[in-house]
Amino acid sequence: MPLHIDTPLLESRPLGLHTGQNIWLKFDALQPCGSFKIRGIGAACEVYARQGKKRFVSSSGGNAGIAVAYAGRRLFIPVTVVVPHTTTERAKELIRQENAEVIVHGASWMEANAHAQSLLTADDAFLHPFDNPLLWEGHATLIDEVAQAGLFVPDAVVLSVGGGGLLAGMVEGLKRNGWGHVPVIAVETEGASSLAQSVKAGQRIELAAITSVATSLGAKQVCEQAFNLTQTCPIKCAVVSDREALSACEQFLADHRVLVEPACGASLSLVYERNPELAGYRNVLVVVCGGMTASLEQIREWAK
Ligand SMILES: *Cc1c(COP(=O)(O)O)cnc(C)c1O
């Protein structure tokens, strides 16, 4: 039994009526840790457990850290998550709730990550939040499930991009199900558009800072794999505003009664805003990547 679950695949009536297309939602917001992350992280943790690793270490105060903590609890392996002082109480609470040890260290993620690296012994496995082929292979199960459902063949796939692990996983899933030709629309927010800016520059750039509220998309640089895929696969970039992402969170809550982070709202906003990138496709698959680190109060506060 894998650590992730087979999530619902629904055709959205309200979103379909809104754009005049078939909008299919893969509800990974309903995973045990509230996001798709457990697919890849769960798969990687199972491999490391089989290798005899005695501890999992993460430096993510977001959904990746929560997924590592969950995987450790399920596999009876202790977990240490090192997070910077900027991490919210809520995020720390969600990690501790999974029985993981939380170490608060440093002013930024860089310092927390450096401390996490310094703790590593030969018996530990370090779980990177997006740059690991084991993660991509695990994330790809999302597309396997869509293919196995046999309901439709996607004409386009919409997904959000932070460090590009989800993107790499979805492309791997499309390829291994014979759908490698299907275009992927990779969505970021302004202030976190490390992939779109790399594609524009023709090389992998690093952002000076992250200025978006979509913290789960806040990787200053995407992984090499994600950038390389843009050079060989049908991947288009879309950049939306924080306002559009937040508004999509509110509308999605009203339409489907599920609260997601702005990181996921970014993808959904393409549908709500009838973004031209979606024009002409009949069956559109939206990866509802989820996220549990933003409360409704926080989303409304940001929107103001
Ligand atoms: C991690 C995450 C992303 C981005 O995934 P990457 O693999 O970093 O590109 C998007 N949405 C949510 C909710 C996430 O947790």
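Every heavy atom of this structure was used, including side-chain atoms; hydrogens, water molecules and symmetry mates were not. Counting starts at 1 for both ligands and their atoms, following the listed order. The structure presented is a predicted model; accordingly, all values stated were derived computationally and were not measured.
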Quiz item: Same cluster or not: are L268 and L253 linked, directly or through other Ile, Leu, Val, Met, Phe, Trp or Tyr residues, by side-chain heavy atoms under 4.5 angstrom apart?
Solution: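 In one cluster: no.
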Evaluate [X] for polar contact with ligand 1, using N/O atom pairs at a separation under 3.5 Å.
X	answer
S160	no
G291	no
L166	yes

Exercise. Give the contacting part of V260 toward ligand 1: side chain, backbone, both or neither, where contact means a heavy-atom distance below 4.0 Å.
Key: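 Neither; nothing of V260 gets under 4.0 Å from ligand 1.
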Self-check item: Under-4.0 Å heavy-atom contact with ligand 1, by part of K37 that carries it
Solution: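 The answer is the side chain of K37.
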For [atom], find the nearest protein heavy atom and state the residue, atom name and distance (0.1 Å precision).
atom	value
atom 5 (O) of ligand 1	F36 CZ, 3.5 Å
atom 4 (C) of ligand 1	G162 N, 3.6 Å
atom 11 (N) of ligand 1	C289 SG, 3.3 Å
atom 8 (O) of ligand 1	G163 N, 2.8 Å

Count the heavy atoms of every other residue, nucleotide or ligand shown that sit under 6.0 Å from [atom1] of [X], and state whether that count exceeds 12.
X	atom1	answer
R96	CZ	yes
R176	CZ	yes
R55	CZ	yes

Quiz item: Got a donor-acceptor contact below 3.5 angstrom from the E188 side chain to the S194 backbone?
Solution: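 Present.
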Quiz item: With no hydrogens and no angle check, is any side-chain donor or acceptor of N113 less than 3.5 Å from a backbone partner on M110?
Solution: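 Side chain of N113 to backbone of M110: no pair is present.
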State the atoms of ligand 1, each with its element, that fall below the 4.0 Å cut-off from a heavy-atom position in [X].
X	result
G290	13 (C)
V161	9 (O)
N63	13 (C), 14 (C), 15 (O)
A263	11 (N)
G165	6 (P), 7 (O), 9 (O)

Quiz prompt | Proximity flag G164 to ligand 1, non-hydrogen atoms under 4.0 Å | solution =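 The answer is yes: ligand 1 sits under 4.0 Å from a heavy atom of G164.
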Quiz item: Is ligand 1 less than 4.0 angstrom away from at least one heavy atom of L217?
Solution: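 Contact check L217 vs ligand 1: positive.
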Could you grab the distance from atom [atom1] of [X] to atom [atom2] of [Y], nearest 0.5 Å is fine?
X	Y	atom1	atom2	result
R300	E250	CZ	CD	4.0 Å
L167	I185	CG	CD1	12.0 Å
Q148	L9	CD	CG	11.5 Å

Quiz prompt | Non-hydrogen atoms of L134 and A43 that approach each other most closely | solution =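 That would be O-CB, 4.3 Å.
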